[in-house]
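All values reported here derive from a predicted model rather than from experimental measurement. In what follows, every chain begins at residue 1, and chains take the letters A, B, ... in the order their sequences are listed.
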Amino acid sequence: MTEKYAPGEIEAKWQRRWSEGRVAYVDTAAIGNEFYMLNMYPYPSGSRLHVGHGRNYILGDALYRRERMAGRKALNPMGWDAFGLPAENAAIQSGIHPREYTLANIARMKEQLFALGCLYDWSKELASCDPAYYRWNQWLFLRMWERGLAYRKTAPVNWCPGCRTVLANEQVIDGRCERSGDAVAIRDLTQWFFRVTDYAQRLLAGLEELPHWSERVKTMQRNWIGRSEGAEIFFRVDGLTEPLTVFSTRPDTLYGATFLALAPEHPAVARLAERSARRAEIEAFAESVRLESRLERESEGGEKLGLETDARAVNPATGETIPVWVASFVLPEYGTGAIMGVPAHDQRDFEFARKYGLSIRPVYRTAEGEADPAAMTEARPHDGVLCHSGSWDGTPNGPEAIRVAVKWLEEKGFGKGKIGYRLRDWLISRQRYWGTPIPAIHCGSCGVVPVPDSDLPVLLPEDVDFRGAEGNPLEGSAAFVHTRCPKCGGDARRETDTMDTFVDSSWYYFRFLNPHDAEKMVDTARVARWLPVDQYIGGIEHAILHLLYARFICRVLRDMRLVHLEEPFERLFNQGMITRLNPSTGKIEKMSKSRGNTVSPDELIERFGADTVRLYTLFVGPPEKESEWSEEGVAGAHRFLNRVHDLCARVQRLSEDGGEGTSDSSLRRLTHRTIERVTEDAARFHFHTAVAALMEFQRGIVESLETGAEASGALREATKTLLQLLHPIAPHLTEEWWERFGEQGFLVEAQWPAFDPALATSPDVTLVVQINGRVRGKLSLARGASEGEAMALVRADDRIRPWVDGKQITRTVFVPDRLLNLVVR
RNA sequence: GCGAAAGUGGCGGAACUGGUAGACGCGCAGGUUUCAGGAACCUGUGGGUAACACCGUGAGGGUUCGAGUCCCUCCUUUCGCACCA
């Protein structure tokens, strides 16, 4: 029968004491502090934390506590990503003003994090909806505008009908809005952009400097940036004053280009249509493709539609006249929005050519000879040597062929080498209320004018009908919209677009060092000491959103000489989701509010205590993978904590003057083996195996206690080590017993126990005996015993001897202290 | 289609550079306690056998004294990319 403890009282007591003792407070102005750990900061749109999210914070807190015990002074701050659509949409539904709603949620989540025993330096707390924070978004925007990195243009952009706003490319997944799941439409709108494409190469190259990021995330970013080397080639088109530029990664196949194809959105399409007798037909075709949603246009098996214009282009290599088509499969945003069609060597071009009867000309010949265009059923790979390609003939496929082609193009003035990227500029304007106002003013005579620094912040007005069904709610605020032009003083209109919330979160990690600084955005000197962030913890869902934007803005600030670093996050850990059976679908799904399969930590804390919730959350599985939540498992975790409590109580009742125990005792060996295991497991965040080791340790101490084999002093030492090792996982119970054992000061500020390999090894080892590779017995013998000693024992062992007797040993494999394998015949 | 990761008891999952597969927990079975239910505690628990033998890490092959771990082929699942010129 174990003695049970009442977690509620103990936990409340220590939460209060840690808070009063400002255990997590760090003076960021002091010299010498340089460790900085960070959870990805949460959206307070949901009013409740559930254990699915909770894992993130519990893991972060366990790491923080371990670092503290290991003697590293760490800053563990918390900020609230308080602007944005989730908060605004929820506010619309509830009818409560977004500000009020968000602040209430922040307060509630703070309570929950506190109840879980999470230690944050609340003196560094920040919220993005606070003007003291978002004014620096505006300040940054103005600096970027000055540098040409923020600009306004009319472009085809993603429009989410559900969220009633435009979205960045990164927020469109498979043609659908990342948030609402609505099919995204393409609209031509005038919007604000950040010129992230200027940084494409640096963002790509920087990935090589991040050895502690997972290949998975880096691959996702590489794919997203999408670098491709090739050439721009200029085609003269009759009727156009400017030549038409296409981008190709295979300029070596230029002699095989038998047509040009333009995206329907390409500006030349309208000009070609104007000159054509079939103007209406061409315009109608282009329009119909444009109206199709991106989802339909890119869907698998989406048919390649095309229409021939009357225009003719000249292939600069062959001098031949080739047709110019408008084609649905040519995407406006990639390359130049125009391609040269090489049907012999490109599958898409091949399908298009076959469908519309365009000619096919192979320009690569293999050892088997060249393909007969009429007999081809698919595009040929680029292999063999170039043929039908004038002076390029005979060049083997490969980088050399491309070099030859680019050199020729550049010499003749027909083109130039070019590196293309898939990455588009970051569309940051949102036609929504709950965000940072973009600091720009529209003046009838001066154009678009920046708000002067002295007028910052441009405050987000509060008296706005945020439930307005149509358009941007800010447009309804006359006091906000009507203003004066800073240049000419005339009547002017304020910009009503607000910023994407990813602007807020792309620099907050700097702001934790000077959260209340009204003079400057970042504190360059402190950043130099504290950054990069040593350990970042966040979900994989931010792989190309937040983590790309943050890397971009960090570089922008570096170029402004405000920070010294190129990469903000040195180590990145992507934790997996918690899953749970969804009663309505019968499937195991990731835990989320919208699916209705959440578990509230509040109720669990009520029933079992925060330590149990923490322990089970860490024990449920490897943190980098998905883990399934189980109700029974929580009870098991609770039982373990009860056993620890019971053990502590029993050890405390022992007399205190029981002596030290001997250094070769098995308990001391177990202690040091456990220190080693837990230390290593914690270093790679594998708290689930650390817990397993601690469970074995607990049982081992109980066994020593019950057999009476150890002096009480040794039992106390072992038990205190258990408390130290368990503290990051179950801080309250361990802190309580640390005090009851008469220790001074907080356990979280005590040392992490030191591992002594000499004390972890036993004088005896178990040697496994194999016959022909199969385990036939075990021998107990002294560490370092020789093969001869082991053989002597084998011959004396009644259970092993029968396997050897009467057989010939043809070979022996001896691994000292581990294994003896006899090969017999 | 391309790329990556992963497949281990009834379940979640352990196993460092090849060296006792299944740690730890859940569940289950038996027991103690209890008026009973539950809870708690103790013991057992891969399959198989009276006990051995034997069979067991998705399937099939290979390397090795020895393979969950290394190599080849295939299957399945998850994730990412996908008309990117």
Practice prompt. For A:Val691, answer base if it contacts any base atom (sugar-phosphate contacts may also be present), sugar-phosphate if it contacts only those atoms, and nothing otherwise; contact means non-hydrogen atoms under 4.0 Å.
Written response: nothing
Worksheet entry | Per A:Lys304 side chain, nearest of listed nucleotides B:A14, B:C83, B:A85 | B:C83
Worksheet entry | Rounded distance in Å between the C1' positions of B:U43 and B:C52 | 25 Å
Item to complete: Could you tell me whether the phosphate oxygens of B:C54, OP1 or OP2, come under 4.0 Å of any side-chain nitrogen or oxygen in A:Arg776?
Response: yes
Worksheet item: For A:Asn821 and B:U20, what is the distance between atoms CG and P respectively, to the nearest whole Å?
Response: 12 Å
Item to complete: Pick the P atom in B:C71 and in B:A29, then give their distance to the nearest Å.
Response: 43 Å
Discussion item. Applying a 4.0 Å non-hydrogen cut-off, can you work out what A:Val775 is touching in the nucleic acid: base, sugar-phosphate, or nothing?
Written reply: sugar-phosphate
Fill in: Nucleotide B:C83, atom P - distance to CZ of A:Phe259 in whole Å
17 Å
Discussion item. What contact category does A:Thr249 fall into here, base, sugar-phosphate, or nothing, at under 4.0 angstrom with non-hydrogen atoms?
Written reply: sugar-phosphate
Response to the item:
Value for CZ (A:Arg422) from CG (A:Asn169), rounded to nearest 0.5 Å, stands at 8.0 Å
Worksheet item: With rounding to whole Å, what would you report as the distance between B:A6 and B:C55 at their P atoms?
Response: 29 Å
Discussion item. Work out how far the C1' atom of B:G56 is from that of B:A67, and round it to whole angstrom.
Written reply: 14 Å
Discussion item. I need the A:Phe350 CZ to A:Thr377 OG1 distance, nearest 0.5 Å.
Written reply: 6.0 Å
Discussion item. Over all strands shown, is A:Arg684 touching base, sugar-phosphate only, or nothing at heavy-atom distances under 4.0 angstrom?
Written reply: sugar-phosphate
Discussion item. Just confirming the chi classification of B:G31, syn or anti, using 90° around 0 as the syn window.
Written reply: anti
Item to complete: Calculate the interatomic distance between A:Lys625 atom NZ and B:G12 atom P; express it in whole Å.
Response: 10 Å
Discussion item. Set out, in order, the CA-CA distance, both residues' side-chain angles and the distance that settles side-chain contact (heavy atoms from CB on, under 4.5 Å) for A:Val196 and A:Leu203, then state yes or no.
Written reply: CA-CA 9 Å; A:Val196 64; A:Leu203 289 167; 3.8 Å; yes
Worksheet entry | N/O (side chain, A:His688) to phosphate O (OP1/OP2, B:A14) under 4.0 Å | yes
Response to the item:
In whole angstroms, the gap separating C1' of B:C79 from CD of A:Glu215 amounts to 15 Å
Practice prompt. Could you measure between the two C1' atoms, the one in B:C65 and the one in B:A59, and give it in whole Å?
Written response: 26 Å
Item to complete: Calculate the interatomic distance between A:Leu819 atom CG and B:U17 atom P; express it in whole Å.
Response: 18 Å
Discussion item. OP1 or OP2 of B:C65 versus the side-chain N and O atoms of A:Arg811: is any pair under 4.0 Å?
Written reply: yes
Worksheet item: Whole-Å distance between B:U20 P and A:Leu820 CG?
Response: 14 Å
Item to complete: Let me have a per-nucleotide readout for nucleotides 25-31 of chain B, 5' to 3', with B, S or -, counting only protein heavy atoms under 4.0 Å.
Response: SSS----
Worksheet item: Can you give the dot-bracket line for RNA chain B, where a pair is Watson-Crick or G-U wobble with both atom distances under 3.5 Å, crossing pairs use [ ], and | marks a partner on another strand?
Response: (((((((..(((......[....)))((((((.......))))))((......))..(((((..]....))))))))))))....
Item to complete: Any side-chain hydrogen bond (donor to acceptor under 3.5 Å, both in side chains) involving residues 771-780 of chain A? Give me the pairs, sequence neighbours left out, ordered by first then second residue.
Response: none
Practice prompt. Give one of base, sugar-phosphate or nothing for A:Arg216, where a contact means two heavy atoms less than 4.0 Å apart.
Written response: sugar-phosphate
Worksheet item: When we call it a touch if two heavy atoms are under 4.0 Å apart, what does A:Val813 touch: a base, just sugar-phosphate, or nothing?
Response: base
Practice prompt. Consider the side chain of A:Met220, meaning its heavy atoms from C-beta on, and name the nucleotide among B:C54, B:G80, B:C65 that approaches it most closely.
Written response: B:G80
Worksheet item: Do the side chain of A:Tyr616 and the main chain of A:Ser630 share a donor and acceptor less than 3.5 angstrom apart?
Response: yes
Discussion item. Using the C1' atom as the point on both nucleotides, what is the distance between B:G7 and B:G22, in whole Å?
Written reply: 16 Å
Worksheet item: So what does A:Gln347 touch, heavy atoms closer than 4.0 Å: a base, only the sugar-phosphate, or nothing?
Response: nothing
Discussion item. As a test of reading the structure: which of B:G13, B:C24, B:C81 is closest to the side chain of A:Ile544, going by heavy atoms?
Written reply: B:C81
Item to complete: Round to a whole Å and report the spacing from CD1 of A:Ile173 to C1' of B:A82.
Response: 14 Å
Discussion item. Students often get this wrong, so: under 4.0 angstrom with heavy atoms, is A:Glu626 touching a base, only sugar-phosphate, or nothing?
Written reply: sugar-phosphate
Worksheet item: Rounding to the closest angstrom, what is the interatomic distance between B:U20 and B:G12 at atom C1'?
Response: 24 Å
Discussion item. If I take atom CG in residue A:Leu262 and atom C1' in nucleotide B:A85, what distance separates them, rounded to the nearest angstrom?
Written reply: 13 Å
Practice prompt. Give A:Arg227 one of three labels, base, sugar-phosphate or nothing, depending on what nucleic acid heavy atoms sit under 4.0 Å from its own.
Written response: nothing
Worksheet item: Does a nitrogen or oxygen in the side chain of A:Arg607 sit under 4.0 Å from OP1 or OP2 of B:A39?
Response: no
